2 protein chains.
Amino acid sequence: MTRVAGLDYGVLDQLLGYSLRRAQVALFLAFHAATRGQHITPPRFTALVIVGANPGISQSTLGSALGIARSGAMLLTNWMVGRGLVERRRRPGDGRAWGLHLTPRGAQALGRMRAAVLAEDRRRAAKLSAAERRELMRLLEKLTG
Amino acid sequence: MTRVAGLDYGVLDQLLGYSLRRAQVALFLAFHAATRGQHITPPRFTALVIVGANPGISQSTLGSALGIARSGAMLLTNWMVGRGLVERRRRPGDGRAWGLHLTPRGAQALGRMRAAVLAEDRRRAAKLSAAERRELMRLLEKLTG
DNA sequence: TATTGTTATACTCTATAACTATA
DNA sequence: TATAGTTATAGAGTATAACAATA
């Protein structure tokens with residue numbers, strides 16, 4: 001979605017939503033560069049981070065965090081389990097829900113990915129000064145929260 | 001993708017890309033609210049705006065602006081033509097490409113949508129002061145350009 | 001040869017709805 | 001009744017590849 005030279009973008013240039021979309025696409029390219037060759041996607045990475053930070057989380061809660069339906073959270077979990085990154089454990093108190101946990105291999109893989117993604121995210125953000133980057137994060141938080 | 005209370009988002013909260021994604025989802029809801037009941041989507045709205053601002057544009061160039069393949073630009077154009085919002089005109093100099101133009105009905109519909117989308121975008125951005133909003137747009141532009 | 005539009009096809013992601021087992 | 005997970009199915013959006021017409 002690079003800007004096409006000579007094209008008039010009309011009202012789009014006045015929309016905060018469109019500016020955010022452009023910026024998000026640019027940062028998505030950063031993510032893609034950082035995870036090249038692996039079969040990782042933003043939702044998969046997000047899921048791994050959240051499972052890692054919230055051991056024992058249920059699939060439904062994971063789905064809520066990602067903003068997707070339970071059925072989608074299950075497919076995502078299947079992928080993580082199939083790759084040996086996550087395991088489902090029965091919960092003592094509740095026979096319905098699984099508790100999700102990183103495997104040792106998953107924790108190791110996530111550690112590598114996290115470092116790469118964070119480094120590339122920072123590299124792309126380097127067009128801004130450190131103060132500008134913090135200000136941008138603050139404004140985004142204020143907008144969203 | 002509303003934040004789930006009590007959940008630890010780990011490294012995600014340190015990623016500019018994730019902050020942008022959250023903000024973009026929030027503004028997408030603004031778009032959705034502004035176009036409720038119409039069969040419009042962000043890509044369709046974007047396409048209409050770009051055709052309106054660049055009369056005679058080709059399908060391929062439209063696709064480039066949207067960051068999608070030619071085949072997708074054609075389906076998008078089919079939708080706009082099918083709704084009577086856009087018409088294809090042969091170009092005098094080049095028998096290969098179509099020139100896309102808004103119909104009077106398309107111009108009228110776009111005018112209404114543009115006003116609604118812009119108003120709702122501003123309304124959601126009202127959590128920021130006018131100065132903050134301008135600063136946010138500036139930072140996003142600096143990041144992307 | 002290169003470009004534009006078109007067509008056919010396939011893939012990914014997601015939603016919905018119905019089902020089961022547990023609570 | 002309500003919730004968690006599962007399964008089946010369908011739809012939207014997109015990409016790729018091949019083709020015809022035109023440059």
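Protein chains get the first letters and strands the later ones, always in sequence-line order, with residue 1 at the start of each. Just so we're clear, the structure is a prediction, and the values are computed from it rather than from any experiment.
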- Message: Check the phosphate of dT6(C) against Arg88(B), side-chain N and O only, distance under 4.0 Å to OP1 or OP2. Yes or no?
- Response: yes

- Item | hydrophobic_cluster_shared for Met137(B) and Leu143(B), side chain cutoff 4.5 Å | yes

- Item | Same apolar cluster: Leu118(B) and Val49(B), side chain cutoff 4.5 Å | yes

- Closest to the Ser60(A) side chain: dA23(C), dG5(D), dT22(D)? dG5(D)

- Looking only at dG5(D), dT6(C), dA2(D), the nucleotide nearest the Arg96(A) side chain is dA2(D)

- Query: With a non-hydrogen cut-off below 4.0 angstrom, is Gly63(A) in contact with a base, only sugar-phosphate, or nothing?
  - Reply: nothing

- So what does Gly99(A) hit on the nucleic acid, given a heavy-atom distance under 4.0 Å: a base, only sugar-phosphate, or nothing? nothing

Whole-Å gap separating [atom2] ([N]) and [atom1] ([X]):
X         : N       : atom1 : atom2 : answer
Arg90(A)  : dA4(D)  : CZ    : P     : 13 Å
Leu62(A)  : dA4(D)  : CG    : P     : 13 Å
Trp98(A)  : dT6(D)  : CH2   : P     : 6 Å
Ile57(A)  : dT3(D)  : CD1   : C1'   : 16 Å
Gln59(A)  : dT6(D)  : CD    : C1'   : 9 Å
His32(A)  : dA15(D) : NE2   : P     : 12 Å
Leu100(A) : dA4(D)  : CG    : P     : 13 Å

- Hydrophobic cluster (4.5 angstrom, side-chain heavy atoms) - remaining members for Leu75(B): Met74(B)

- Message: Taking the side chain as everything from C-beta on, heavy atoms only, tell me whether Phe31(B) gets closer than 4.5 Å to Val117(B).
- Response: yes

- Starting at the 5' end of nucleotides 7-18 of chain C, put B wherever the base has a protein heavy atom under 4.0 Å, S where only the sugar-phosphate does, and a dash everywhere else. B-----SBBB--

- Query: What distance do Gln38(A) atom CD and His32(A) atom NE2 have between them, rounded to the nearest 0.5 Å?
  - Reply: 11.0 Å

- Trp98(A) ring centre to Arg91(A) NZ or CZ under 6.0 Å, with the angle to the axis within 45°? no

- Message: I'd like to know if Asp13(B) pairs up with Arg3(B) as an ion pair, taking the criterion as any Lys NZ or Arg NE/NH1/NH2 lying under 4.0 Å from an Asp or Glu carboxylate oxygen.
- Response: yes

